[in-house]
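Okay, so here's the structure we're looking at.
Chain A is the first sequence line, chain B the second, and so forth, proteins listed ahead of strands; every chain is numbered from 1.
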Amino acid sequence: MTSLKPVRGTHDIMNEECRGHRHVASVARTISHRYGFAEIATPVFEFSEVFRRTLGEISDIVTKEMYSFEDRGGSEITLRPEGTAGIARAFISNGMAQNLPCKFFYEGPMFRYERPQKGRLRQFHQVGVEILGVPTPQADIEIITLGAHILRELGVAHKTVLEINSLGDRESRSAYSKVLVAYFTKHRDALSENSCTRLGRNPLRILDSKDKGDHELVADAPSMSDYLNDTSQAFFDEVLNGLKSLGIKISVNPRLVRGLDYYCHTAFEFTTKVLGAQGAVIAGGRYDGLIEQMGGPSTPGVGWAAGIERLSMLLSELPSSLRPIAVIPVDKEAQSKAMNIAQTLRESGYVVDMGYSGNLAKRMKRADRMNACVAVLLSGDELGRNSATLRDLDSGEQSEIPLDDLTDRLSAFR
RNA sequence: GUGGCUGUAGCUCAGCUGGUUAGAGCACCGGCUUGUGGUGCCGGAUGUCGCGGGUUCGAAUCCCGUCAGCCACCCCA
């Protein structure tokens, strides 16, 4: 056991946890489907270039978190660290610009070489959605509403808040960026070490620094909202109003930013306080520049991704699973007939458990452990009379019934 | 990548300032009950005390290293 451990940051997902993951994924899938999103499953690995181009050479993900390797044919391959890049690639590869808009839902494992922590693993799982080809705020509104809907359906909405901000279009953003760099450069001495390095490569990120000293500087820093040009402001207002009219509660957070260049306009996160430091459960934004940056036709996009593990930890209870029916042969003569009966029941849609060995007591015990609702006891004698014993495992009541009535009688336990 | 805490049975943990056969509860297996589970009673099995090295007459206990987990930074889902 000591030598056969899973790789750091990975683990085996089973039982309750597995059911939790499944539940999150299936709720996300069905609700997304209701909004017209079609599922897409891109490969879990791509040429490394796909991620380098979309995530940018300087992002943390690309510089230190990718699982990359050279395959036997000499290709540079990377296990996907997130889902959008693969979809953008698929969009271009398949010439999907021909029938816009495209609405995609995806689900699956992602890989990032990070130091494991609560809500942060090296192999983790996401569900996500993307809308490609819609330049107007309707897409932003729809996609955020979808996120809120999924959280509500999962019963975790009350544990989250929706934070939202606008990064403006390219013009607004670069104007703001200049002012911000100037401001922080002036106060460089007071800035934390981390933020000083961010000043050079990613000044916007200073805005959500966790350093206490930085907070004061940030509080007095020029605000993005003052630098949005008219188009950008109008866009943001429309998103905000649209969400309000759909009854979505929002909290505008002018310090919410996105690191990567191609992000513009809407940036949002559904965050929670109950998961410690890893508070974002759904995060996304608009990325009008992405497809073009990858070499495709200029196509606007907006999307989000959600962490299945994180959402799953928020779940307070799982939907109850179907209780099985235990089919129990009491003696050897009944063994093969029991198989037949179990098979018939399974084919008519019942969940049936039948153990492989053990006397009656053991099989009853097993039925109990499996949380079976009813046991069908079969013996040679009874089968000779064409009957079986039906035992209600909750009340303990049991009676002998004709085999022909079995399916009907069991329907009461469905 | 940086810092702090932790690592004893399948799980949750106890084991005081080093002292000889390493414990409990839950779970598991068996029996009371050879055709009846969930409660009860009785019994049983299970550990290279994370791994490697060191100090010592003696290490689960102290020291060093390493690996892993947790928490935070960083980053993000």
Side-chain angles (χ1 to χ4, degrees), chain A residues 1-11 14-15 24 28 55 59-65 81-84 107-128 147 160 192-195 197-198 202 205 208-212 256-260 269-272 275-284 303-314 326 328-334 355 358-382 389-398 400:
Chain A
M1 185 214 120
T2 43
S3 55
L4 290 177
K5 287 195 275 196
V7 173
R8 172 122 124 133
T10 70
H11 71 290
M14 32 189 204
N15 305 327
V24 169
L55 301 173
S59 74
D60 274 29
I61 292 183
V62 168
T63 53
K64 46 192 192 199
E65 295 178 0
E82 55 93 46
T84 306
E107 183 242 317
M110 307 292 163
F111 308 85
R112 257 123 89 162
Y113 189 86
E114 292 187 279
R115 183 98 173 241
Q117 197 178 315
K118 180 173 185 158
R120 196 170 81 180
L121 293 161
R122 288 184 175 182
Q123 177 178 332
F124 61 103
H125 301 79
Q126 289 187 332
V127 289
T160 68
S192 70
E193 200 186 317
N194 262 322
S195 290
T197 62
R198 284 193 273 236
N202 206 342
R205 284 220 58 93
D208 65 353
S209 165
K210 284 182 189 165
D211 186 275
K212 273 207 169 156
L256 179 69
V257 297
R258 280 290 99 102
L260 311 176
E269 283 180 11
F270 287 87
T271 60
T272 180
L275 293 182
Q278 313 301 322
V281 290
I282 295 182
W304 54 248
I308 294 182
E309 282 83 357
R310 290 182 189 179
L311 284 174
S312 179
M313 284 191 277
L314 250 36
I328 301 181
V330 174
D331 49 35
K332 255 198 164 142
E333 301 86 83
N359 59 25
L360 181 54
K362 277 183 196 157
R363 287 174 183 270
M364 286 298 285
K365 205 164 184 171
R366 176 186 165 91
D368 191 60
R369 259 204 315 266
M370 308 287 293
N371 191 30
C373 51
V374 59
V376 179
L377 306 180
L378 301 161
S379 69
D381 288 352
E382 285 162 327
T389 296
L390 208 62
R391 182 180 177 90
D392 182 323
L393 292 173
D394 292 329
S395 67
E397 284 168 30
Q398 71 179 48
E400 190 170 325

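Val330(A) comes within 4.0 angstrom of a base, heavy atoms only. Counting any heavy atom pair closer than 4.0 Å across all strands shown, Asp394(A) reaches a base atom. Among the atoms of the strands shown, base atoms are found under 4.0 Å from some heavy atom of Arg115(A). Among the heavy atoms of the strands lying under 4.0 Å from Gly9(A) are primed sugar atoms or P, OP1, OP2 only; no base atom is included.
Listed by chain and residue number, Arg385(A), Ser387(A) satisfy the side-chain hydrogen bond (donor to acceptor under 3.5 Å, both in side chains) test with Glu400(A) (two or more places apart in sequence, or in another chain).
Only the P atoms considered, A59(B) is 12 Å distant from G54(B), to the nearest whole Å. Rounded to a whole angstrom, the distance from the P atom of C13(B) to that of G7(B) is 10 Å.
Mapping Leu275(A) and Gly279(A) onto RNA chain B by nearest heavy atom places Leu275(A) closer to the 5' end of the strand.
Distance check: Thr10(A) OG1 to Arg122(A) CZ gives 9.5 Å after rounding to the nearest 0.5 Å.
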Under the 3.5 Å Watson-Crick or G-U criterion, the dot-bracket string of RNA chain B, with | for inter-strand pairs: (((((((..((((.....[...)))).(((((.......))))).....(((((..]....))))))))))))....

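For the pair Thr160(A) and Ile282(A), the minimum side-chain heavy-atom distance is 4.5 Å or more.
Put simply, Arg8(A) has a side-chain N or O that comes within less than 4.0 Å of OP1 or OP2 on A68(B).
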